[in-house]
There are 2 protein chains.
Amino acid sequence: MDTPLATVLGRGMPQIPQPRSPVSVSDRMWSVMACFRLQEGPLTLGAISLRTGLPKTTVHRMVAQMARSGFLDRVDDGVTLGMRLFELGHQVPRSRRLRDLALPVLEDLQETTRTTVHLAVLNGTDALYVEILRPPRTQPLPSRVGGRLPAYSTGVGKALLAHAGESPFAATCKNGLRPLTPSTIRNENALRAELAWIRANGVAFDREESAVGIVCVAAPVFGAASKLLGALSVTGRRNELEVDRLAATIRMAGLSITRRLRDAAAVA
Amino acid sequence: MDTPLATVLGRGMPQIPQPRSPVSVSDRMWSVMACFRLQEGPLTLGAISLRTGLPKTTVHRMVAQMARSGFLDRVDDGVTLGMRLFELGHQVPRSRRLRDLALPVLEDLQETTRTTVHLAVLNGTDALYVEILRPPRTQPLPSRVGGRLPAYSTGVGKALLAHAGESPFAATCKNGLRPLTPSTIRNENALRAELAWIRANGVAFDREESAVGIVCVAAPVFGAASKLLGALSVTGRRNELEVDRLAATIRMAGLSITRRLRDAAAVA
DNA sequence: GGCGGCGTTCCGGAGAACGGGACGCTGCCC
DNA sequence: GGGCAGCGTCCCGTTCTCCGGAACGCCGCC
């Protein structure tokens with residue numbers, strides 16, 4: 001994500017005239033798409049060239065091709081991600097199946113708790129939000145469907161990390177624990193202990209670890225063969241949400257979804 | 001969409017040994033992604049090879065590259081669309097901006113009418129659903145976020161088509177009007193008249209034209225400079241929804257969103 | 001008029017993509 | 001057990017597509 005393509009390409013580092021590691025077109029296409037940021041308008045070819053480190057000519061050609069294929073859209077003065085990507089994104093089965101089966105339970109949870117409900121999956125070392133239900137007419141929290149946060153710093157993320165086995169944990173430690181707030185876990189051993197606690201108790205708490213003033217309770221969701229599929233959480237402002245009282249409710253919701261997933265798997 | 005890649009590639013037609021029209025990798029990648037269908041499990045390499053018309057070896061290599069880039073995910077026994085696509089799909093600005101600004105109004109509409117609310121944009125000659133709000137605990141309608149239907153056959157679609165200018169209308173006629181139900185408009189002149197009526201009245205009705213037993217009322221949404229951005233609709237079962245009584249409400253909602261979009265554009 | 005930035009076109013060179021062919025594996029059926 | 005169909009994978013010579021520097025036309029601005 002933050003890897004500048006120049007690194008991947010072995011460019012922008014003139015001091016080392018490496019034979020230039022072979023780069024697939026697929027890599028280049030990815031890097032072009034990845035340089036679009038949320039909350040930004042269209043990008044010019046020049047901007048894309050700058051961000052990817054690809055020569056202007058190359059960007060020109062690739063954008064033309066990708067626009068023909070529908071990956072990108074040409075708008076009045078620039079380029080944006082294309083509607084075909086929107087379409088494809090909603091067909092990704094990993095998120096889709098989970099979401100569809102979890103939705104009724106999430107709705108119940110949303111209605112009984114009157115708070116914001118999150119559903120997330122683990123992607124690399126990040127928690128990636130798959131669905132968010134907000135109570136109508138409230139100041140929305142900053143979380144976004146399709147957005148991601150480091151797993152160790154959020155409730156859903158820790159619930160995921162706790163049940164995902166050793167390798168994501170190791171990767172997390174290797175990446176380093178950068179604190180988002182004063183309360184974010186910043187120590188490998190503390191994280192290990194926290195995850196053990198989460199495994200033992202079936203819920204994860206987030207006490208202002210991802211954003212100041214925001215707290216949350218989360219529980220994991222499993223599929224057939226006890227495979228970790230995702231996690232759900234209830235989130236709110238510190239003075240409006242009593243996380244301890246909701247722990248049992250969230251665990252319950254997690255188990256409900258797990259049950260639904262297993263039943264669906266049995267039918268299919 | 002339904003174009004077999006073999007055609008694009010000039011393959012599979014041995015009788016004409018054309019010099020083989022040049023095909024970009026981007027096209028091939030697109031065709032690989034496009035052969036995944038909703039409600040389907042993972043595909044094997046062989047299946048992808050079959051659907052795209054690409055040689056097995058080529059598919060093997062491309063899938064490997066695309067999986068490395070995150071476009072695809074390798075699962076136990078096959079390949080699926082990757083989580084990165086999910087992520088990218090949610091950043092597409094055309095749908096994102098519209099959705100974000102329309103959402104509060106859609107929620108109000110959902111709450112006051114207690115029915116399913118749709119938000120869609122025009123993509124080619126199809127209506128592409130960008131957001132759907134369903135009343136909790138109801139039998140869901142078949143529509144899907146990220147799904148598409150021919151514009152001429154749905155309420156939102158006709159509202160879009162009516163205000164999209166001549167070219168989408170011409171394309172629609174060229175594609176042919178395939179009826180989805182006995183009530184679907186199947187005549188070019190009838191469609192033209194219907195669209196004129198919609199422009200004059202500001203709302204579009206769908207009386208079981210896209211699915212038997214399903215009716216809907218729709219209205220367009222415009223942005224700055226009166227540019228058509230999308231359309232919204234309220235949908236329900238024939239015996240539960242009185243479309244005529246809701247016409248004014250939907251028009252009102254459409255205008256509210258239009259206003260919000262203009263205000264937001266003025267600020268930005 | 002000079003200039004910086006934009007998007008665009010051209011074209012020779014080269015390296016990534018291509019795909020036929022062959023291999024090892026599994027599961028199925030005679 | 002042998003044959004076989006289908007799977008994923010690997011090898012490797014060919015070649016076609018991608019690559020990107022250079023140059024161009026265009027606008028808006030000091």
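Everything numeric here is computed off the predicted structure, so don't read it as measured data. Residue numbering restarts at 1 for every chain, and letters A, B, ... go by the order of the sequence lines. Every heavy atom of this structure was used, including side-chain atoms; hydrogens, water molecules and symmetry mates were not.
The distance from atom CZ of B:Arg74 to atom P of D:dC7 is 14 Å, rounded to the nearest whole Å. As rounded to whole Å, 10 Å separates atom P of D:dG8 from atom CG of B:Leu43. Following rounding to the nearest Å, A:Met62 (CE) and C:dT9 (C1') show an atom-to-atom distance of 19 Å. What separates CD of A:Gln65 from C1' of D:dC19 is a distance of 11 Å, to the nearest Å. As a whole-Å value, the separation of B:Ile48 CD1 from D:dG8 C1' is 12 Å. Nucleotide C:dG4 holds its C1' atom 17 Å from the CG atom of A:Leu45, rounded to whole Å. The distance from atom NE2 of A:His60 to atom P of C:dT8 is 5 Å, rounded to the nearest whole Å. At whole-Å resolution of the value, CG in A:Leu50 and C1' in C:dC6 are 13 Å apart.
Sequence order on DNA chain C of the closest nucleotides to A:Val25 and A:Ala47 puts A:Ala47 first from the 5' end.
Side-chain atoms of B:Ser26 and A:Met29, non-hydrogen and from C-beta on, do get closer than 4.5 Å to each other.
At a threshold of 4.0 angstrom between heavy atoms, the contacts of A:Thr44 are confined to the sugar-phosphate backbone, with no base atom among them.
Contact check, A:Arg28 against D:dC19: a side-chain N or O comes under 4.0 Å of OP1 or OP2. In terms of phosphate contacts, A:Arg61 brings a side-chain nitrogen or oxygen within less than 4.0 Å of OP1 or OP2 of D:dC19.
The one candidate from A:Thr125, A:Asn123, A:Thr154 that meets the side chain to side chain donor-acceptor pair (under 3.5 Å) condition with A:Arg148 is A:Asn123.
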Between A:His163 and A:Phe222, does the ring-ring contact (aromatic ring centres under 6.0 Å, His included) criterion hold? Intermediate values first, please.
CA-CA 9 Å; A:His163 298 88; A:Phe222 301 94; 5.3 Å; yes
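Ring-plane geometry between B:Phe71 and A:Trp30 is classed as perpendicular, the angle between the planes exceeding 60 degrees on a 0 to 90 degree scale with a lower cut at 30.
Considering only side-chain atoms of A:Lys56, the nucleotide from C:dC6, C:dG19, D:dG8 that sits closest is C:dC6. With distances taken from any side-chain atom of A:Thr57 to the nucleotides C:dG7, D:dC18, C:dC10, the minimum falls on C:dC10.
Within 3.5 Å, no donor on the side chain of B:Thr58 pairs with an acceptor on the base of C:dG19, nor the reverse.
Smallest separation of non-hydrogen atoms from B:Val145 and A:Arg96: O-NH1, 3.6 Å.
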